[in-house]
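First comes the structure, then the notes that go with it.
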Amino acid sequence: MQRRNIVRTASGALLIAATAGGVLYGCASAPADRADGQRAEAMLKSSFKAHGQATLDRLDQDETQRLCSEYAGRALPQPVAERIEKANLATIRFPADGKLVGDWKSGEKIAQSGRGFQYSDDPTKPAGANCYACHQLSPQELSYGTIGPSLYQFGKRRGFTDETRRYAWQKIYNAQAFNACSNMPRFGHRHILTDAQIRDVVALLVDPASPVNR
Amino acid sequence: MPGMIRRIVAASAVVCVFAGVVADVFAQSTADEIAKYRDALQDGNPAELWEARGEEMWKTPRGPKHVAFASCDLGQGAGVVKGAYAQLPRYFADAGRVMDLETRLVWCMVNQQGYTHADATKTVFGNGSAKRSDLEALAAYVTSRSQGVKMNVPLDEPHVHDMYALGEKMFYYRGGTHDFACATCHGDDGKRIRLQDLPNLTKVEGAQKAYTTWPAYRVSQGELRTFQWRLNDCFRQQRFPELVFGSDASIALTAYLAGRANGAEYRGPAIKR
């Protein structure tokens, strides 16, 4: 319950941060298109029912979701992309103790699990990140998806540096800080993963001992 | 009937063999092998059991008013089943609404056979032999009678056109905890989730291939699944709330995808993993 409240608060903060972008660039499309969008949104709200943890407020879009929906299927204008990335970069928090790298073995388990936030999932159990649904990581896992790029040898290719570790943390926390309208969930910003879980997934990517880098 | 049973047994055998050769499958081209597996399954599709049950229901007087579906107009005239699915969704003046097949079946059950809406929609999705859905069986029967017919959703009709446009908007609507839209998984060529190939539904060929193979018997679930189910379960995975059966959003998305499939031969009910 508490987690959902945090999500809402965090989304609200982003909404405020990105409002200027919405006012400036939201009018870029034709008025008829906008009206269709609003009707589609009204239709959505009358077409779903709350089910367990998946309550109707999940249909409410923050500014990033709204802009990414509006421009989907066509080129995102550069100023809109920059606004989205700036607003999302501002959401990123580093852990208080500064420790970015955890246990890659635990990270592998989190990467394998697709559980969490579906109405069919038990909300008392920790969520997974489901990385393998979209990315190749450890070469031992052959069942990986291709929606995102391969992350095999992520650390080895980028170098085992502080910069790589900070980038990995930020990318998992909020991928749209670097790539507006990325398909990747904003795991930290939307409180899908805890700081401890992000730390473990970072380890899977950057630990020289992780199968990803061997 | 024995022929059908024999084919189903054969299909089960294929599943077992498939499990046994998983290691080899990975050594070869996985996608090719999965395609072969799907082809092998087409020889014996248990969807025929749902079709047979649906046909019997279609022809038998039912409900408090003891009326058969002979009076149910799916768009081609009262009781006409042949080719009807290939021209759905469409606008029904008697209901004042664009309807897909499943919504129309419920409408006939309520308005002609005398069921309450609650009773007609009590079990929209079945659960194998544990819980059977009349709607799935009826959908299997009606769709099977459009096999080989080219999809021809009446997109020129203004109500249908309007729903198609709204469905397109909804296809790209990002929301929920994970920011997912339909387009997140179905907006690009040659992508997959884990090993499952994803159709690119923004392209005509992708929509045609996908839409014309629902309903489908799902081997992994032992159940025949309809297009309403397909949409419902996609939204569950999108982390959205639950899609209401027969809701405007479900019909708009169906109109969008069925309309994009226009021109392709309907091939369902199919069989999928």
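When reading the values below, keep in mind they use all heavy atoms of this one structure, side chains included, and skip hydrogens, waters and symmetry mates. Every chain is numbered from 1, with letters handed out A, B, ... down the list of sequences.
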Measuring from B:Thr177:OG1 to A:Phe187:CZ, what's the distance to the nearest 0.5 Å? 9.5 Å
Interatomic distance, A:Ser47 atom OG to B:Met170 atom CE [nearest 0.5 angstrom]: 6.5 Å
Answer yes when A:Glu141 and B:Arg194 have at least one side-chain N-carboxylate O distance shorter than 4.0 Å, and no when they do not. yes
Is it the side chain or the backbone of B:Phe180 that comes within 4.5 Å of chain A heavy atoms, both, or neither? side chain
Near A:Lys105 NZ, under 6.0 Å, is it more than 12 heavy atoms from other residues, nucleotides or ligands? no
Would you call B:Pro241 and A:His51 a side-chain contact if the rule is heavy atoms closer than 4.5 Å? no
At a 4.5 Å cut-off on heavy atoms, which part of B:Asp179 comes close to chain A: side chain, backbone, both, or neither? both
Contact listing (chain A partner; residues 247-255 of chain B; heavy atom under 4.5 Å): B:Ser247, B:Asp248, B:Ala249, B:Ala252
Between B:Tyr173 and the options A:Met43, A:Arg66, A:Gln61, A:Glu70, the side chain to side chain contact (heavy atoms under 4.5 Å, CB included) test singles out A:Gln61
To the nearest 0.5 Å, atom CZ of A:Phe48 lies from atom CG of B:Leu243 at 4.5 Å
At under 4.5 Å between heavy atoms, what parts of residues 229-238 of chain B are in contact with chain A? List them by residue number. B:Asn232, B:Phe235, B:Arg236, B:Gln237
Find out whether A:Arg190 and B:His178 are in side-chain contact, i.e. whether some heavy atom of one side chain is under 4.5 Å from a heavy atom of the other. no
Look up atom CZ in B:Arg174 and atom OG in A:Ser69, then write down how far apart they are to the nearest 0.5 Å. 7.0 Å
Can you tell which of A:Cys134, A:Ser46, A:Gly116 has the highest number of heavy-atom pairs within less than 4.5 Å of chain B? A:Gly116
Hey, is CZ on B:Arg132 packed in by over 12 heavy atoms from elsewhere, all under 6.0 Å? no
So, the part of B:Thr184 with a heavy atom under 4.5 Å from chain A: the answer is both
Tell me, yes or no, whether the heavy-atom count around B:Asp156 atom CG, taken from other residues, nucleotides or ligands under 6.0 Å, exceeds 12. no
Check the pair A:Phe117, B:Arg239 against side-chain contact (heavy atoms from CB on, under 4.5 Å), reporting the backbone distance first and the verdict last. CA-CA 6 Å; A:Phe117 295 92; B:Arg239 276 74 178 173; 3.5 Å; yes
Taking it one step at a time, do A:Arg39 and B:Asp162 satisfy side-chain contact (heavy atoms from CB on, under 4.5 Å)? CA-CA 11 Å; A:Arg39 285 178 59 217; B:Asp162 192 45; 2.7 Å; yes
What's the verdict on side-chain contact (heavy atoms from CB on, under 4.5 Å) for A:Thr146 and B:Leu198, showing C-alpha distance, side-chain angles and the deciding distance? CA-CA 10 Å; A:Thr146 59; B:Leu198 296 163; over 6 Å; no
Is it true that a side-chain atom of A:Gln118 and a backbone atom of B:Phe240 form a donor plus acceptor pair closer than 3.5 Å? no
